[in-house]
Chemist: 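The structure under discussion is supplied below as structure tokens; questions concerning it will follow.
Reminder, nothing fancy here: chain letters follow the sequence lines and each chain counts from 1. Note that the coordinates shown come from a computational prediction; the quantities given were computed from them, not determined experimentally. All heavy atoms count here, side chains included; hydrogens, waters and symmetry mates do not.
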There are 2 protein chains.
Amino acid sequence: MTRVLVIDDEPSILRALRINLTARNYEVSTASDGTSGLAAVSRERPDAVILDLGLPDMDGTEVIHGVRGWSTTPIIVLSVWGAEHQKVAALDAGADDYVTKPFGMDELLARLRAAVRRAAPAAPDEPVVTTPGFTVDLAAKRVVRDGADVRLTPTEWQLLEILVRNRGRLITQKQLLQDVWGPAYGSESNYLRVYVAQLRRKLEPEPSRPRYLLTEPGMGYRFQA
Amino acid sequence: MTRVLVIDDEPSILRALRINLTARNYEVSTASDGTSGLAAVSRERPDAVILDLGLPDMDGTEVIHGVRGWSTTPIIVLSVWGAEHQKVAALDAGADDYVTKPFGMDELLARLRAAVRRAAPAAPDEPVVTTPGFTVDLAAKRVVRDGADVRLTPTEWQLLEILVRNRGRLITQKQLLQDVWGPAYGSESNYLRVYVAQLRRKLEPEPSRPRYLLTEPGMGYRFQA
DNA sequence: GCCAATCTTGACGTTTTCCTAACGCCCAGC
DNA sequence: GCTGGGCGTTAGGAAAACGTCAAGATTGGC
């Protein structure tokens, strides 16, 4: 299910969006100011963000920048009619699209679908990666080894997913930490050591001599297919 | 965040641009002459360059040529009013746009945004360099030789990356030392001898008679493709 | 409110990398 | 033929990074 975060300070809009989006089978969460909005993006990793530019605590473009610093989640901006400079600033900051208030729900939904669709092609190719030792199904979020499912915790899965999606490529420690734990992390490489070790224990034929989850000392990790 | 390098010898302009760009959430770095400007482009790989044509140490078009030899980063040129021939020469040399001093900050920002946007989709900067002996994949941070991965330490990789990104060009010892070890270094050429030797041992067919990692006695090193 | 699963955190032994010094070679200049 | 500077090569101890384990702290479901 597609998860959408709505950041808006007007309860009526929040309510209308929640009802309409839920009815169309989106999973909706909300925030009513920029600070909690940024926290929510970091915490929930929504598939899309709907952001009202007129927030009480900070400028909308600041929120966009805060998100764009580490994530490419599509952002659709709501702005009042006539605030052209604001719209331009928001798009420059990295927003994907905008809708002028008052807006038709159909238009918003269309733009939301488009934005999510545009962001999707991250997974067009090979949603299943196979090695001699195990198989990773990215779409189904499943790992099979010796015919049996391997049970992974959420954090283990996120880590594995990033490495597998970038198979062959070296991913730096900082990037892994930010993608899995959020933008506030970047130097806690001990987390990585613990979770990589757990993945190796569950996936590698010889966990102490890894064949697929390789360490590049001082730089990061690499998934070798 | 978009990273912009400003090359200008007038402190007041440098200051004004830094303030305005930083406020718009660009990441700004500066250089005050052509030599250090070229070094900074190589080192920082900015997303755009703002270049004043009137530099103390070299002609602006030389700087453009120096950059265009290996990079397609957008370059916006600042020139005084009336210097038409200079502007033409700069555009011929590969500049993307120009702004005449004195300039309005809004205009410069607009042109900067346009240049960055234009560059964005069409800049898959050949991340893989091949020689008869081995292959360097800059994006994946990977070196393959005879079908097998070559293992490089972080320092070895940094050194190789700089030389490969500037392939064909002579890089001075001082620049290599500063780029890899930091600005406090510049005369420790023995470091370079040790690490270049290690790279040659891992990459060259005949390490004692290098074909790709060439020494320029008294000057520096060069990667020959 | 309790329990199980998961996530953090710290400690310790091992591996890898980095820095540094020493030595030999080559070549130019005297 | 001696001398000195720049370069290549090697090796070993110091420092940093890594793997591993296990004990708290948190979280979420019942």
Chemist: Base, sugar-phosphate, or nothing for B/Val194, non-hydrogen atoms under 4.0 angstrom?
Modeler: base
Chemist: Which label fits B/Tyr191 and B/Tyr185: parallel for a plane angle under 30°, tilted from 30 to 60°, or perpendicular past 60°?
Modeler: tilted
Chemist: Quick check on C/dC18: is either OP1 or OP2 less than 4.0 Å from any side-chain nitrogen or oxygen of B/Thr153?
Modeler: yes
Chemist: Once you round it to whole Å, what is the distance between P of D/dG8 and CG of B/Asn190?
Modeler: 12 Å
Chemist: Can you confirm whether the side chains of A/Thr215 and A/Arg200 place a donor and an acceptor under 3.5 Å from each other?
Modeler: yes
Chemist: Quick one: do A/Lys101 and A/Glu10 make a salt bridge, cutoff under 4.0 Å?
Modeler: yes
Chemist: Can you tell which of D/dT20, D/dC18, C/dC19 lies closest to the side chain of A/Gln173?
Modeler: D/dC18
Chemist: Tell me the interatomic distance from B/Leu199, atom CG, to D/dT10, atom P, rounded to whole angstroms.
Modeler: 15 Å
Chemist: Between A/Trp181 and C/dC7, is there a side-chain N or O to OP1/OP2 distance below 4.0 Å?
Modeler: no
Chemist: Measuring to OP1 and OP2 of C/dC19, would you say a side-chain N or O of B/Tyr191 lies under 4.0 angstrom away?
Modeler: no
Chemist: Between A/Arg193 and C/dT9, is there a contact of a side-chain N or O with OP1 or OP2 at under 4.0 Å?
Modeler: no
Chemist: Phosphate oxygens OP1/OP2 of D/dG19: is one of them under 4.0 Å from a side-chain N or O of A/Thr215?
Modeler: yes
